[in-house]
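What follows is one structure encoded as structure tokens, with my remarks underneath.
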Amino acid sequence: MSTPYGPVLIDHFRHPRNQGALRNPTISQEGTNPLCGDRVRIELRLDGEVVGEARFTANACAICVASASMLTDLVRNAPLDEVETLLVDDILRALDARI
């Protein structure tokens with residue numbers, strides 16, 4: 001049986017990167033899934049037009065935590081114009097998700 005929980009996704013869930021709050025973030029955004037109650041907050045510190053630091057906090061399922069972990073990895077040190085073009089498919093591809 002196929003499962004969305006591949007090794008990269010499981011690793012990001014068990015060992016999340018960039019987890020925790022930033023002191024004085026430049027940008028922060030929080031979202032909640034009204035169906036399941038998952039809650040994620042992403043915080044960024046900008047250095048000009050580049051994301052210098054990215055962190056997240058979450059009270060969420062494995063897929064959501066792994067996705068936030070991967071997203072913060074993808075945007076750290078990235079120019080804002082690249083960050084603005086990221087799609088959900090980019091995160092799923094990076095996680096090697098099978099959904």
Stepwise side chain to side chain contact (heavy atoms under 4.5 Å, CB included) check, L86 with V75
CA-CA 9 Å; L86 280 174; V75 302; 3.6 Å; yes
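- Counting only N and O atoms by type, the side chains of N18 and D73 include a donor and acceptor under 3.5 Å apart.
- Side-chain N or O atoms of Q29 include none that pairs as donor or acceptor with a backbone N or O of I42 at under 3.5 Å.
- For the pair S69 (side chain) and R17 (backbone), a donor-acceptor distance under 3.5 Å is present.
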Run the numbers on I91 and L71 for side chain to side chain contact (heavy atoms under 4.5 Å, CB included), then give the verdict.
CA-CA 6 Å; I91 298 167; L71 174 64; 3.8 Å; yes
Given the rule in the salt bridge (Lys or Arg N to Asp or Glu O under 4.0 Å) test, do E43 and R45 qualify, once you have shown the distances and angles that lead to the verdict?
CA-CA 7 Å; E43 298 178 335; R45 181 173 299 122; over 6 Å; no
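- Residues V50 and L80 do not share a hydrophobic cluster, clusters being chains of Ile/Leu/Val/Met/Phe/Trp/Tyr side chains in contact below 4.5 Å.
- Using a distance-only test at 3.5 Å, with no hydrogens or angles considered, a donor-acceptor pair links the side chain of R55 to the main chain of Q19.
- Considering every non-hydrogen atom in both V40 and A58, the closest pair reads CG2-CB, 3.9 Å.
- Contact record, A94 with M70: O-CE, 3.4 Å, taken as the closest heavy-atom pair.
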With side chain to side chain contact (heavy atoms under 4.5 Å, CB included) as the test, would you mind laying out the steps for L22 and E53 before giving the verdict?
CA-CA 8 Å; L22 273 176; E53 185 68 35; 3.2 Å; yes
Please test D38 against T32 for side chain to side chain contact (heavy atoms under 4.5 Å, CB included), starting from the C-alpha separation and ending with a verdict.
CA-CA 6 Å; D38 282 359; T32 303; over 6 Å; no
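- Contact record, L9 with A62: CD2-O, 4.5 Å, taken as the closest heavy-atom pair.
- Closest approach of R76 and T72 over heavy atoms only: CG-O, 2.9 Å.
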